[in-house]
Structures are given as structure tokens and as C-alpha cells.
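The structure appears right after this line, and notes come after that.
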Amino acid sequence: MTQPSPGLMQFYPAFKEKPLKGDPFKISFIAFCAALNVGMGFLVQLLKLPIYLDSVGTILAAVLIGPLAGASSGVLAMIILSITAVPTAIAYCGTAVAIAVCSSFFTRFKFLANMGASIFWGLILGIIAGLISAPVTAYVFRGASLVGADIFTVFFKAEGRPLLESVILGGIPTDCADKVLTSLLCYFLLKAMPDRIAAHFTESRILSAKPE
Amino acid sequence: MHPASRFLLALCFLTAALHAEMPFNYLIVASGLLYSFWVSCRSGFNPAKVFAKMLCLALFMLFLIHGLDYHARAASMKGLKIMGEAGLRFASLFAATLWLVKRTKKEELFALMLALKIPMPVTVLIFRAIWFVPHISKRIKDVLLAHSLRGVKSTNFFRRFLALPAALYAIFSSMLLEICDSSVTLLSKGIWIEGKKSSLLTLQWSYKDFLAAAACLFVFILILKGYPFA
């Protein structure tokens, strides 16, 4: 893996972490998180729910190990999704990286420490994810993202709005709802995580991440 | 054929499909799409049905977004043209991915990654994640079946929604043991030990790779020359 620049490390020391060095548990956990992102699609499909929840693993890895781990897990999930179900998923790797970096950064502000903070930061994550994925959807795929938000895009486009605006207006509410639910699920998972497993993660990170 | 040649051919197909002039681009994409659906599956994993479904969904959504003029209550010619262009992008991407997935075995990909000297932890991470996916899918089915047998009802939206955290927690906690097992496996495989790694499959170049490289070169020259491509 390429080393981040010293400037970036200065800005955010979590980038100093090397999740792929040393601990095989962390590698397995990142791989599991990537597979969980893919598996969530299957779970919501079986439960017939109109949401996607494909960042549960990314947020867990980012919060428990660090932004690089979260980004690896998110990008890997997008690659697997693109070869198993939707080839266009690969274009949303940037969104996965942004979610990982932001959710790791938000742990400094009590993200996943309690329910209220999880909902609030989940909303912020949703807005960020919606804004980052909108240009990809609008300019690369001309508005079709192949998720539920497309219905809203059709609605806003039919009102006569420009494509990018329609994608943003359709994407942000669905992304916000999705990320709030994802954050709440991550909060419950962290709350229920056994101490034996939690001990695998660095002391400082688990203290800020583990819900009180 | 060497897997690197396959990736080169897929890239060449995508470039040709996206740069060709009006009738040629549709011909290239249609033939590529038909070939990718027709070609036999070497890898043991065939996502053709899922891809076909998603491609139809993409074309339908593009039609709804661009193809209809909702004020005039008629089809929009300008919108249909945009839909066609976007549809080409989708179809070419789907065709290239489907062909790669159907023709490339996992062992070949592993050997290619070793040959490209991609760091071992990264390679292992990718293959572990691929290994986890069917395990999680199976666990999801088992957990949902167990929940329904224990009387967890999923008759309406609200109940199904409430079933989600319980199911996810059961899946997560049951998979923790497998994560521990997997980490022991990784340790025993010695992925951090320095030195050259080996794979079961030895990749070799053949005359097919030479032909593929020549064909790609020919297409790239055509693209640069601009005929029949724009």
C-alpha cells in the first residue's frame, strides 16, 4: 500500500495506522466488513426493505480500525458488487472512501457513542454521500444509479429540473435515511460486541468508538 | 489466454465502444453483449441473469428519466438520444465485466496479482473478502429461517424492519468466530514472511496473447486515426 503523505498525517493522525501490517485479525475483519457490505444487499432483499445499507461494514471498519481500513473495506465491497451484481458500482468507490474517512473522523465527535449522536452524524454522512455520488450518477450514468433514489430523480426531472439537481434532490433524502439507519445498526452492533473481540482494536479507538 | 490479455481486450472493447461513430458503436456494443452472454463460463460463477436484469432496469430508468417529455405527454427525441448514449455506456460496461467474470478463474487472478507483485496482504484481503461473501449469504438465510421458525413474523413492512437489527446482530456475532478462524488461517499461511510467493497455477503466454495484443493495437491505432471511430 502507498504511504500517505506527511502533510495528510499531520492533518489527521489516524492515517498513520497501517491496518494491513501485523495483525491477521484486522485483515480478516476488514475482509468480513467488505463482505458484510455486499451481504447487506442480500439481507434487505430477503426482508423486502426499500433501503440498501451497503456501508455498515465500511463504517464499522473505519470506526474500529481507522480510515484506511474503512476505505479498503468500502472499495473492496464496491469491486465485489461490480463483479457479482451491478458493474456500475465500481464508479462509487469515491463515495465509499469518503464515508470511511468521514465516519472515522466523526468518532472524535462521539459518532456511535450514543443514539442521538449516531442519528446526527448519520444525517451528515448521508448528505456527504449524496453530494459525492450525485455527479457520478448525473454525468457518468445520466441519472440512473440503479437504487431506489432513481424514482425520486424521475419525479424531479419530470418537474423540469436539471439532471444534476434532480439527482441531488433525489439522492440526499434517500442517502440520509440510509445512513441514519446504517449508523444506528452500527451503534447496536458495537454496543453488543463482546469485550474479547473489542480487545483486538487499538485502545484509543475502541474507547471513542465503543458506545457507553 | 493470459488473464492480463483478457483485461487488455476488455479495455480495448470499452474504448472502441465509447469512441465509435453512431452506427458502429451500437454494432460493437450489441455484438459484445451477445458474445458475453453466449460465451461459456470457465470460472464457475455466471452472473448473466443478474446482469441482464440490472441492464433492463437501467434502460427502463433511463427511459423514464430522459425518454419521456412529461409536459407534452409524448416521447422526447432528444431525450431518447441521451438515453441511447447512456444505455451504450451501461451495456458496454456490463458486457466487458460479464465476459471477464465468466472467463477468468480465481486461481488465474491470484497468479496474476502475484506476478504483478501486488502486496501479499492486499491480495489476501481481496480473496478473503470473496471467500466471506457466500458464507455470509448462507448465514443470512440460516438466521432468517431460524427467526421465522421461532415465530418472528415478517408479514408487514414494520415487522420486517424490526426483524433487521435482530437478524444483523445474530449474523454479526455468529461470524465473529469465523473471523477468528480466518485470522489463524492467515497466520498459518505466513503472509507476512518475506520472499517470493508461489501459486498453484503458472501463467504462460501463448500465440493467443500475441493475437490479442495485435488486435488491441490495431483498434487503438484506428481510434487515433479517427476512422471509423470519432
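Reckoned from all heavy atoms, side chains included, excluding hydrogens, waters and symmetry mates. Within every chain, numbering begins at 1; the chains are lettered A, B, ... in the order of the sequence lines, protein sequences first and strands thereafter.
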Legend entry - Carboxylate-amine/guanidinium contact B/E107 B/K105, below 4.0 Å: no
Which bit of [X] is near chain A, if near means a heavy-atom gap under 4.5 Å: side chain, backbone, both or neither?
| X | result |
| --- | --- |
| B/I136 | side chain |
| B/L55 | neither |
| B/R128 | both |
| B/V133 | both |
| B/F132 | both |
| B/H135 | neither |
| B/L144 | side chain |
| B/F45 | side chain |
| B/S173 | neither |

Chain B contact via [X] - side chain, backbone, both or neither, heavy atoms under 4.5 Å:
| X | result |
| --- | --- |
| A/L47 | both |
| A/S145 | neither |
| A/I151 | both |
| A/L181 | side chain |

Inset, instruction - Classify the side-chain pair B/S40/B/R103 by whether it contains a donor and acceptor separated by less than 3.5 Å. - result: yes
Who among [options] has the most heavy-atom pairs with chain B under 4.5 Å?
| options | value |
| --- | --- |
| A/L46, A/V86, A/T153, A/T84 | A/T84 |
| A/S28, A/A77, A/S166 | A/S28 |
| A/S82, A/G143, A/A144 | A/A144 |
| A/I90, A/L189, A/I80 | A/L189 |

Inset, instruction - State which residue, out of A/T182, A/D175, A/D178, fulfils the side chain to side chain donor-acceptor pair (under 3.5 Å) condition with A/Y52. - result: A/D175
Inset, instruction - Determine which residues belonging to residues 31-40 of chain A lie within contact range of chain B, meaning some heavy atom pair is under 4.5 Å apart, and list them by number or answer 'none'. - result: A/A31, A/F32, A/A34, A/A35, A/L36, A/V38, A/G39, A/M40
Highest number of heavy-atom pairs under 4.5 Å with chain A: which of [options]?
| options | value |
| --- | --- |
| B/Y70, B/W131, B/F60, B/F90 | B/F90 |
| B/A96, B/G87, B/S137 | B/S137 |
| B/K141, B/M54, B/K53 | B/M54 |
| B/L59, B/T97, B/I65, B/V50 | B/I65 |

Legend entry - Donor-acceptor under 3.5 Å (A/R142 side chain, B/I82 main chain):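 No; judged by distance alone, with no hydrogens or angles, the pair does not exist.
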